[in-house]
Amino acid sequence: MAFPRPRPARPELPRRRVRTLECGQGAVRAVRFNVDGNYCLTCGSDKSLKLWNPHKGTALRTYQGHGYEVLDAAGSFDNSQICSCGADKTVALWDVATGQVVRKYRGHAGKVNCVQFNEEATIIVSGSIDSTVRCWDCRSRRPDPVQVLDEAKDGVSSVKVSDHEILSGSVDGRVRRYDLRAGQLYSDYIGSPITSVCFSKDGQCALAASLDSTLRLLDKETGELLGEYTGHRSTAYRLDCVLSEQDTHVGSASEDGHVYFWDLVEGSLALSLAVGCRVVQSLSFHPTLPCLLAATEGHVQLWREETFQPEGDTVT
């Protein structure tokens, strides 16, 4: 006789602030977990990029080489390289171990808002205020992009990359999905300027945040609106949206100093985290744990689930 499987544990949300990283980089423009969630990157208004172990609160290395504030960064699948972008109109490829710039890509006509590796870290995808998404070959010496996607009518605020797609959000109010296998572009009109986009973990949906203080969950294939989430404030800043590690909740940064989470299916507000008094600029959700990084002003906070027991002393 087979025993019934135990019911899976109810997904938890990060409710406890367990650590604060004082980054010393001016304003933190973006915080990003690496691929396995053991490390994170912080992008500073002082032109620096820092690598941390946020779980221990230790800064591991500082990367200097941008000419102006750093706006986004991402780590490669094997943690050997970092790509970053900034207000100096450049995209940089870094060697993690040496801290040196391997290559700089110049081609965007304005500040570069967002950057991502493809899965194999052979291509860097960047989105800019110049209304283009550009794809750069990490392995070749050629200085120009291998592809320019120029369909956006205004600045590109956010890009995400799956194994065969590029998802972009633009100030022109459209979410665009480029299916690279089929050579197709799918465009969904939201109407309000998009600040952030992301794929759900199951690859079926796209989440978009916009300046009408609303998050929208779209069916990736049909563009059908599956859910709307409101209660936060987003009217002026480029704020991040996230999905929890099991796709059970959607989250958003807010201009009122909080982070909000909603139940993905019901659309009801599930949690509000008081991060600070100023704008929460950036969020990053851990790939496998109920663990959140939130950046506000010059520091980053690490939040964990209620039952989390930290090892050793915590610094708050």
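Looking only at atom types and distance, the side chain of N113 has no donor-acceptor partner in the side chain of S157 under 3.5 Å away. The closest side-chain donor-acceptor pair between E12 and T307 falls under 3.5 angstrom. In this model, a donor atom of one side chain and an acceptor atom of the other lie less than 3.5 Å apart for S126 and W136. Side chain to side chain, R233 and S213 fail the donor-acceptor criterion of an N or O pair below 3.5 Å. Under the 3.5 Å distance criterion, with hydrogens and angles disregarded, no donor-acceptor pair is assigned to the side chains of E151 and S187. Counting only N and O atoms by type, the side chains of R32 and T42 include no donor and acceptor under 3.5 Å apart. When only modelled atom types and interatomic distance are considered, N118 and E120 share a side-chain donor-acceptor pair under 3.5 Å. Side chain to side chain, S48 and Q25 meet the donor-acceptor criterion of an N or O pair below 3.5 Å. For the 3.5 Å distance criterion, the side chains of R216 and S210 qualify, holding a donor opposite an acceptor.
The cluster map of Ile, Leu, Val, Met, Phe, Trp and Tyr, joined by side-chain heavy atoms under 4.5 Å apart, puts L292 and L13 in the same cluster. Under the 4.5 Å side-chain contact rule for hydrophobic residues, W303 and V280 share a cluster.
The residues D137 and R141 are annotated as not salt-bridged, no charged nitrogen and carboxylate oxygen being separated by less than 4.0 angstrom. Salt-bridge annotation for R176 and D172: present, with a side-chain N of the basic residue lying under 4.0 Å from a carboxylate O of the acidic one. Between E69 and R29, at least one side-chain nitrogen of the basic residue sits less than 4.0 Å from a carboxylate oxygen of the acidic one, meeting the salt-bridge criterion. For the pair R181 and D163, the salt-bridge criterion is met [side-chain N within less than 4.0 Å of a carboxylate O]. Checked for salt-bridge contact, R142 and D144 meet the test: a charged N lies under 4.0 Å from a carboxylate O.
By the 6.0 Å contact criterion, OH on Y39 is open, its count of non-hydrogen atoms from other residues, nucleotides or ligands being 12 or less. Heavy-atom contacts from other residues, nucleotides or ligands closer than 6.0 Å to NZ of K56 number 12 or fewer.
At least one side-chain heavy atom of C198 sits less than 4.5 Å from a side-chain heavy atom of C241. For the pair R177/E221, a side-chain contact is recorded, criterion being any heavy-atom separation below 4.5 Å from C-beta on. The shortest distance between side-chain heavy atoms of F285 and E245 falls below 4.5 Å. When side chains are defined from C-beta on, L225 does not count as touching L217, because their heavy atoms never get closer than 4.5 Å. Within the 4.5 Å cutoff, the side chain of H66 has heavy atoms near those of the S84 side chain. Counting only heavy atoms from C-beta outward, the side chains of V250 and V242 never approach each other to under 4.5 Å. For the pair E119 and H164, the minimum side-chain heavy-atom distance is 4.5 Å or more.
Residues H249 and F261 place their aromatic rings such that the two centres sit no closer than 6.0 Å.
Under the 30°/60° scheme for interplanar angles, the aromatic rings of W262 and Y229 are found to be tilted.
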Test log, rule salt bridge (charged side-chain N to carboxylate O under 4.0 Å, His left out), inputs E165 and K160: CA-CA 8 Å; E165 301 161 303; K160 293 294 185 293; over 6 Å; no
Full working for side chain to side chain contact (heavy atoms under 4.5 Å, CB included) between L211 and T195: CA-CA 7 Å; L211 288 182; T195 64; 3.5 Å; yes
